[in-house]
Amino acid sequence: MPTDLTDPQTRITELETALTAAKAELSESSLDRERIQYLSEEASLWVWETDADLRFKYISRSRTISSLDHKFLLNKKREDVVTVDELKSPHWQAHLADLRARRPVNDFTYEITAPDGTKLVVRINGAPIFDKNDTFMGYRGTGQDVTERVRFEQTFDQLVTTFESIDQRIAILDRHDRFVLTNRSYRDLNRGVLESIQPGQRFEDHLRAVAREGLTPDAVGREEDWVRKRLAWHRNPSGPIRQGRRGGEWLLIYEQQLDNGGNVILINDITALKLAEMQLRESEERFRDYSEIGSDLFWETDAKHRFTAVTGRYVDIIGIPSDTFIGKTREDLGIGVNEEGIPWHLTDPVKQRRPVRNVVLPTIKPDGEMTWNIVNAKPIFDSDGEFQGYRGTGRDITAQKQAEMSLAQAKEEAESANRAKSEFLSSMSHELRTPLNAVLGFSQVLQAGIYEPLNDKQRDAVEQIQRAGDHLFRLIEDVLDLSGIESGRVSVSLEDVNPTEIFTEIKSLLVSMAERFEISLTLRHTGKAGETLPAIRVDRTRIRQVLLNLASNAIKYNHKGGLVVLVAQQLPDGFLRITISDDGAGIPEWKHDKLFEPFNRLGAEASPIEGTGIGLSIAKTLVEMMGGRIDFESSEGAGSCFWVDLPMSSTSSQATLDEGIASSPTSEKTVLCIEDEPMNLELMDRILNHLPDVATISAHTGNLGIELALAQRPDLVFVNVDIPSVAESDFLLKFKSYETLEAIPLIAISSPASAEENQRGPIDGFDDYLPKPVDINQVLEITTKALAL
């Protein structure tokens, strides 16, 4: 029966029923809200909602973001709580594009910085909200704090990256002996069997795959036996094992049981080490072979010089079986005395525990044959510096020694013949001068018309006599020079010379010759007008002779109208170069190596040009005697350029073109050091540099030291009496024999052992003594006292 809506009571009843239902629904909705609020606060998710401007208008509470007050985000956009740099990233730009397009947001992750500086990483999901008229109302969604998860993922990624980048091959197995993890190096090692090392694969199956594919040469032909032995070691590892791989690679494998029952495998590449071992073994075998078939003897001794090891052909070379050497000294075996008659253990190097270089030990074999053995050795010391003995080699030089003696005899015979030749040339040259003087003298008398005037034919004949006589005279002079040089009678007297003066002296002689040959002559230096040329340390007569020879050749072998230029220029290495160049016919390259040979005119003897062919040989010798250098460049048809490099003066390095050479007095004291070891010289130089107004000079031999002392007159001389040129000569007697040197203090430097053994020898007679190693304070004290500083 239908309800009567006109009945008021009925209407009230229906309204009450509807109200009750609405209250119940409202109560259920409130309960749902409370449930959602509880879940969002206790769970890791929270609920959020934005308005149409994308500003947060609701954020539920959550214990996971307790450090970030949810009210902090209200009325803010999401991009308000991130950095500007992060907003510029492609990640954020793509997200903002999704929001502008009203697209859903899926797993968008970003970092929030709270007011207290706390940084949180959150991940959100959301969807756009529209009303019934499809008007955009904002976004609604959930959020989750993933800070710990992201940090863990980042740490894990770093660990994986590190694990992957380790060069050492690493594999991890579980307690069931199945692969769990391998790094890149391990996988590269097993490229041929990659499927056998995938996670979950059994290690035994991997070994079978390695054997089957032939990756390990040891397993080829015996695969099952190899797998069985490898598994046995795998289950009970005791130290590393070595394993060869196909391609020559060698591995050192370590395995370690883990607490969880698993296993870790570590593999190192030892190919280089294995190769070095093989090379060392081959080297040892090669050394043994060489020692057995070679000419060298190899030996070792203990600290008392008793043989402890010998190899080689001792029977063949010395005549004594090698097995009789052990435990005996050289003196016991009669092979330990050098050519000077000094026993091995008493020679200076052996006494001082220094290396032994090229000591010759003559030996008479049991059959009476004389042999010679040259020995080189080095001392052996332990880690504490204690002397343990010597290790060395010996070589049979009997054939060489016999050849040397034969050569020495032949040399003496050749030198004797050469001396006879030089004496003959000298004698003959002197004998030729007397009649030649008469020829030249009387030809000049005839030219002068003293008896009667000559007609043209007579005058021409006399000029031919004069010219031939001049040529013969120059030839005699050259022969005398060459003879003197070869016999050692020619010496040079060095002095400081102004090169401008030399140019002036030779110019007048060359000008007349250049005019006769119709040659243009120029003499100059490379500097500007008024500049100075350095003084040179030469023999004035000899350098004039050299330059005249080179310049006259440039004129004689030139063509009419040719040019000859003499140029002086200073070199950066302490030399003055004088260059003589011409534009004549030049010298073919194939003749260059014969240019300085005496009496070789390179074919010019067939020409009308006069010459002896020994001028250049003499010039080269004289330049080198003066400490200079001579060389040339020439090509056929392009002229020649000869140059002479002469040492500049060390005491008057600059002389003006017009002023000559001047020297200034010095107040410095000079100390001469005679020492053949550059390092010791440098040490003395540095020590003495501490004293004001003290200059040092040095010489590496005793004789050179005496010559330098005579030239420089030092105020004090230090002498290393152990160097051979002093120890093996009467240095002290020679030095004191010069009156000008007698008053100069002489200080001996020597090892303590040498000083004790030579108390009546080289140390005796010196003014003072410095033991090695020298003490700086002692050097300064002796120098200060001797020089009265």
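Keep in mind that what you see is a predicted model, and the values were worked out from it rather than measured. We're numbering straight along the sequence, starting at 1.
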Exercise for the section: With rounding to the nearest 0.5 Å, note down the distance linking CG in L688 to CG in L780. Expected result: 7.0 Å
Completion exercise
Taking every heavy atom of C673 against every heavy atom of M684, the minimum-distance pair comes out as SG-CB, 4.0 Å
Practice task
Mind listing the closest non-hydrogen atom pair of N373 and I397 along with its distance?
Solution key: N-CG1, 4.3 Å
Exercise for the section: Mind checking the CD1-CZ spacing from I747 to F718? Nearest 0.5 Å is all I need. Expected result: 5.5 Å
Practice task
Quick one: do W643 and I580 satisfy side-chain contact (heavy atoms from CB on, under 4.5 Å)? Show the steps, please.
Solution key: CA-CA 6 Å; W643 61 84; I580 299 95; over 6 Å; no
Exercise for the section: Would you verify whether the NZ or CZ of R395 falls within 45 degrees of the ring axis of W372 while also being under 6.0 Å from that six-membered ring's centre? Expected result: no
Problem - Any side-chain heavy-atom pair of E742 and F735 under 4.5 Å - result: no
Problem - I543 side, atom CD1; R537 side, atom CZ - distance, nearest 0.5 Å - result: 14.0 Å
Handout entry: Euclidean distance, Y769 OH relative to I749 CD1, rounded to 0.5 Å
Key = 10.0 Å
Handout entry: Full working for side-chain contact (heavy atoms from CB on, under 4.5 Å) between Q545 and L622
Key = CA-CA 9 Å; Q545 177 183 350; L622 292 176; 3.8 Å; yes
Practice task
Indicate yes or no: at least one non-hydrogen side-chain atom of K734 is less than 4.5 angstrom from one of N703.
Solution key: yes
Practice task
Compare every heavy atom of P647 with every heavy atom of G627, then report the nearest pair and how far apart it is.
Solution key: O-CD, 3.8 Å
Practice task
Please report the shortest heavy-atom distance between P379 and R353, naming the atom on each side.
Solution key: CG-O, 3.3 Å
Exercise for the section: Report, as yes or no, whether the 6.0 Å neighbourhood of atom CD on E633 holds more than 12 heavy atoms from other residues, nucleotides or ligands. Expected result: no
Problem - Test item: I342 and V337 side chains (from C-beta on) under 4.5 Å apart, heavy atoms - result: no
Exercise for the section: Enter the distance from T621:OG1 to M625:CE here, rounded to the nearest 0.5 Å. Expected result: 8.0 Å
Problem - Main-chain N/O of R629 paired to D645 side chain as donor or acceptor, under 3.5 Å - result: no
Practice task
Answer whether the closest heavy-atom distance between the side chains of K669 and D693 falls below 4.5 Å.
Solution key: no
Practice task
I would like to know whether E624 and K620 meet salt bridge (charged side-chain N to carboxylate O under 4.0 Å, His left out); could you show each step before the answer?
Solution key: CA-CA 6 Å; E624 291 172 352; K620 185 176 188 298; 2.7 Å; yes
Handout entry: Within 6.0 angstrom of E781 CD, more than 12 heavy atoms from elsewhere
Key = no
Handout entry: Exam field: side chain S552 to backbone N549, donor-acceptor pair closer than 3.5 Å
Key = yes
Exercise for the section: Check whether any side-chain N or O of D384 sits under 3.5 Å from a backbone N or O of E386 as a donor-acceptor pair, and report yes or no. Expected result: no
Practice task
Looking only at non-hydrogen atoms, find the nearest pair between W299 and V310 and report the distance.
Solution key: CB-CG1, 4.0 Å
Exercise for the section: Measure the OG-CD1 distance between S737 and I706 for me, rounded to the nearest 0.5 Å. Expected result: 7.0 Å
Practice task
Indicate yes or no: at least one non-hydrogen side-chain atom of V356 is less than 4.5 angstrom from one of T347.
Solution key: no
Problem - K736 vs L746 side-chain heavy atoms within contact, under 4.5 Å - result: yes
Problem - Side chain to side chain, L361 and V359, heavy atoms closer than 4.5 Å - result: yes
Handout entry: Residue from V671, V694, L787, L672 passing side chain to side chain contact (heavy atoms under 4.5 Å, CB included) with D715
Key = L787
Handout entry: Stepwise side-chain contact (heavy atoms from CB on, under 4.5 Å) test for T740 and R713
Key = CA-CA 8 Å; T740 55; R713 304 291 176 83; 3.4 Å; yes
Problem - Main-chain N/O of Y390 paired to T301 side chain as donor or acceptor, under 3.5 Å - result: yes
Practice task
Could you check if a side-chain atom of I723 sits within less than 4.5 angstrom of a side-chain atom of E675, using non-hydrogen atoms only?
Solution key: yes
Handout entry: Non-hydrogen atoms of L770 and Q778 that approach each other most closely
Key = CD2-CB, 3.6 Å
Problem - Intermediate values then yes/no, side-chain contact (heavy atoms from CB on, under 4.5 Å), Q570 and M648 - result: CA-CA 9 Å; Q570 187 173 347; M648 294 186 294; 3.7 Å; yes
Handout entry: Exceeds 12 heavy-atom contacts within 6.0 angstrom, atom CZ of R391
Key = no
Exercise for the section: Carefully, step by step, assess T308 and D302 under the rule side-chain hydrogen bond (donor to acceptor under 3.5 Å, both in side chains). Expected result: CA-CA 6 Å; T308 57; D302 60 17; over 6 Å; no
Exercise for the section: Might you confirm whether atom OH of Y738 has over 12 heavy atoms from other residues, nucleotides or ligands at distances under 6.0 Å? Expected result: no
